[in-house]
Amino acid sequence: MRTLSQVWEIAWRSIVRTMRQPAQIIPNVTFPLLLLAINSNGLRAATHLPGFPTSSFLDFFIPIAFMQGALFASGTAGVDLARDIDNGFLNRLALTPMRGVALLLGQLGGAVALGTIQAAVYLGVGIAAGVRFETGAAGAALLFVLAVLIALGFGTLGVLLALRTGSGEAVQSSFPLLFFLLFLSSMNLPRNLISIDWFRDLATVNPVSYMIEAMRSLVIEGWNAQALALGFLFTVLMIALGLAGSALSLKTRMART
Amino acid sequence: MTSRRQVALALAYRQMTVLIKNPALFLPPMLFPLMSFLAFAGGLSRLSHVPGFRYEGGYTSFVFVFVLLQSAAFSGVFMGFNVARDFETGFARRLLIAVSHRSGLILGYALSALLRWATVAIVLTIVAVIAQMKIGGNGIDIVGMYTLAAFLNFAGVLWASGIALRLRSTQGAPLMQTPVFLALFLSPVYVPLDLLKGWIHNVATANPITYLLEAGRGFLSGNPVQVLLAFACGLGLAAFFGIWAFRGLRRAERAAG
Amino acid sequence: MRDQHGIQAESLVREYKGGIKAVDGIDLRIEPGEIYGFLGPNGAGKSTTVHMLTTLLPPTSGTARVAGFDIVKQGPQVRSAIGAALQEAALDPFLTGREHLRLQASLHGLSRDERKRRSTELLERVGLSLAADRKIKGYSGGMKRRLDLALALVHEPSTLFLDEPTTGLDPQSRTALWSEVARLAKGEGVTVFLTTQYLEEADVLADRVGIIHRGHIVAEGTPDELKAQIGRPTIEAVPADPDQREAIEELLLQFGTPTAGDPLSVSIRCESEADLADVIRALDAAGLHVAQIHMHEPTLDDVFLAKTGTSLEGAADEEELEAVSA
């Protein structure tokens, strides 16, 4: 019970401080929408390719907004935590009876809160712009859940980076690497339509492809058990590995006796 | 009395020294164009099979020109971040006091941006050649393509410096970046202009970057198109944002007292 | 709140990677309710010592007890008994003062009512009631330090650690902080461990002072005891004509032994019972002219100089007893 209230306090602070920096959130929320608007039109011609699975590129591309939103949310969480380490705020917290797990979960709570808000916005905008779910309302709800879990997963990576480097700048400059994972996935075309072999191979071994494809299947295919299982599996794996790594790094970072 | 040229050279020298000593600053501007190039050239090459897609150079060349322009514009924008940072740290104030020809400062930042972009362009070109990009144009065509990109680099640094000189804070970074990003992607990025449909076609037709892009693609494939219009667009952008930047400098001077 | 145990440390060592010993065998015996000033320049090992005593950093070897608890084996108990305001007043620029107190209080497990009462009381006490609901971004350096102190006191600790609490503060804020710290120790019996690089701060505030230099305590005692160890006053003369420097030096050596000081001046530590008037008469008789001549009683800076061979940067103003222009 004590730990829960600590988690809540840390999460509360993380959410409040994020919400008070609109200059930081607004681009994070709007950028994926802009890219969605541009690419769903700029790449519409791709739907004319033989074998393209849908006639609406918007339907095809909307999962990318959730992925980007998750990446941004985790970046914010990572940079915030790194600043706390850098300026000694973490030491202040370490001097209270706060448990390490409360710090981790609280900080992630902030990322998840932001990710949830973003997911709700993207879902709302998408549906308003004409996205139709083959799986109906249940599928939309499941996509929302997956999107929040993905935000949590990337959040653990952001926290891990922060704990390892302890520097906001380092977190910020290593973030492009996570975007790299998104770029080298089946984000723009289905894997079977990627004609360059090495790229298709990279996209095939890239777990991000399966997260995207799970969300995508809910929109354009209908219930696809295999796609969903793979998407959730890789997401849960990412969360587990990220949490384990963060917990280890926190031990060295917060070496209090 | 130092001449405008001396001021510009001294400032450019300092910027390059800072850069060489801090590879971390160098990486993101280098990484993003490479990422885009790999993702687009690798992931989207099937788009050249879309009915109506006509470009002699092949999809890799088609994408290369866009990424080259993107890297040019963003190298300019990143230099704008440096201008803002110099104001935050107080370094710019010292420059304003020390220098007699203050317009030399803007030229110095612009020269730094050009040098910085040149390194990115070289790496990008090498990667593209390794990726078996087809080069149809002769030497003059290729010089024409890089010159067009240099115009955009110049326009980019002037635009971002104009913002930096007005806001004098790195908080303005999204404001420098987002419009440039939009302007770039509201052009025929993935497919030729006549394959764009709907509002994006109209926007792209009115976008001067479209003409830089199409002329650049023409140069690379050896079939120059609309060359005069493209150079007029490049010059026009540079001149327009030149005025914008110099008026910003006047505002910064007044603020510095 | 009243401390019963004080602080004891034995052979405390902290070695960083590469074998650098930031703290190299420190012994401490601090009485309950005492204000102990830990004096030293940047990098002497002050903050490392504080981090070990506050359990944030495990010692490489040695032991210490704070408020009756072992810093290695009883970390949680130590933490609940101490309050600490560490360097750089680490605050979140986007939270208000009151929100900081709320966060701190709830992490310490205070009930909702207690939190409210305690926050209001502490904000009042450090003079931040009016600024309580403003974001930290707009606080001055002094306000941040005061909030930092309030945060350290939320759970009514019996021992207080203050790591350079007044660095960068204006004289007024500094004095206000001093009086609050003195009140806590004298009025409420809180043991205070204070690091500082300001001699004046140690002199005014501390009951006892330890001078730390390169990880070792090189002197310890009350400020008066330490100054008494140095004993006699110092005379410092600035020659009017640099050519006469040697002659002046020779003459001054009749009154005492040479000591380090301003490179432009000739400094001696007095050994005879002679006073400044005797020195001036002797200079006059020899036809030597000085631009300035001072005599001052030993300060903590002299103690520092004598014990470490270097002067403490940012030393407090010298207590000038006499200044004569010749």
Side-chain angles (χ1 to χ4, degrees), chain A residues 21-28 30-31 33-52 57 165 167 169-203 206 209, chain B residues 22-32 34-53 59-60 66 131-132 169-175 177-179 181-204:
Chain A
Q21 301 176 75
Q24 216 179 49
I25 326 174
I26 292 171
N28 283 3
T30 49
F31 188 84
L33 285 177
L34 283 175
L35 198 76
L36 180 65
I38 290 170
N39 276 359
S40 61
N41 287 286
L43 278 167
R44 190 188 294 166
T47 55
H48 300 307
L49 286 172
F52 197 84
F57 202 81
T165 62
S167 133
E169 286 196 355
V171 174
Q172 217 143 27
S173 59
S174 28
F175 240 73
L177 296 176
L178 286 182
F179 268 90
F180 213 45
L181 284 177
L182 185 57
F183 270 60
L184 295 177
S185 70
S186 51
M187 126 181 198
N188 285 320
L189 282 180
R191 268 183 292 138
N192 59 1
L193 290 185
I194 296 174
S195 41
I196 306 275
D197 291 341
W198 62 263
F199 193 94
R200 191 176 51 244
D201 294 343
L202 277 180
N206 183 353
S209 293
Chain B
N22 299 285
L25 295 176
F26 201 65
L27 227 55
M30 180 72 87
L31 219 57
F32 270 113
L34 282 178
M35 239 157 81
S36 307
F37 179 69
L38 290 180
F40 297 165
L44 289 168
S45 62
R46 184 61 68 92
L47 284 179
S48 59
H49 298 294
V50 167
F53 191 108
Y59 201 73
T60 305
F66 173 76
Q132 296 176 332
S169 147
T170 46
Q171 300 265 319
L175 205 56
Q177 209 170 342
T178 314
F181 176 85
L182 281 179
L184 281 166
F185 276 85
L186 289 172
S187 68
V189 180
Y190 310 108
V191 291
L193 182 60
D194 47 357
L195 283 184
L196 291 180
K197 294 283 174 276
W199 63 267
I200 200 160
H201 182 267
N202 302 334
V203 174

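The figures here come from the full heavy-atom set of this structure, side chains too, leaving out hydrogens, waters and symmetry mates. Just so it is clear: chains get the letters A, B, ... in the order the sequence lines come, proteins before strands, and each one is counted from 1.
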Heavy-atom cut-off 4.5 Å, strictly under: side chain, backbone, both or neither for B:S187 against chain A?
neither
Heavy-atom distances under 4.5 Å only: say whether A:L34 touches chain B with side chain, backbone, both or neither.
side chain
Closest approach of A:L189 and B:R46, non-hydrogen atoms and distance?
CD1-CB, 4.1 Å
Mind listing the closest non-hydrogen atom pair of A:I38 and B:F185 along with its distance?
CG2-O, 3.4 Å
Counting heavy-atom pairs under 4.5 Å with chain A, which one of B:L34, B:L182, B:L175, B:V191 comes out on top?
B:L182
Can you tell me which portion of B:L44 sits under 4.5 Å from chain A's heavy atoms? Options are side chain, backbone, both or neither.
both
Minimal non-hydrogen separation, B:S45 against A:I196, with atom names
OG-CG1, 3.4 Å
Sort out for me which of A:I194, A:I26, A:N188 touches chain B most, counting heavy-atom pairs under 4.5 Å.
A:N188
Checking B:L196 against chain A: side chain, backbone, both or neither under 4.5 Å from a heavy atom?
side chain
If I take atom CZ from residue B:F181 and atom CG from residue A:L35, how far apart are they, to the nearest 0.5 angstrom?
4.5 Å
Between B:P51, B:S36, B:P188, B:G42, which has the largest tally of heavy atom pairs under 4.5 Å with chain A?
B:G42
Is chain A contacted by the side chain of B:V50, its backbone, both, or neither, given a heavy-atom distance below 4.5 Å?
both
Chain B contact via A:F31 - which portion, at a heavy-atom distance below 4.5 Å:
side chain
Heavy-atom cut-off 4.5 Å, strictly under: side chain, backbone, both or neither for B:A41 against chain A?
backbone
How far does CG of A:L202 sit from CG of B:L38, to the nearest 0.5 angstrom?
9.0 Å
Closest non-hydrogen atoms of B:M35 and A:F183, given as atom of the first, atom of the second and distance, are O-CD2, 3.8 Å
For B:L195 versus A:A45, what's the shortest heavy-atom pair and its separation?
O-CB, 4.3 Å
Within this structure, what is the NE2-CG distance for the pair A:H48 and B:L47, rounded to the nearest 0.5 Å?
11.0 Å
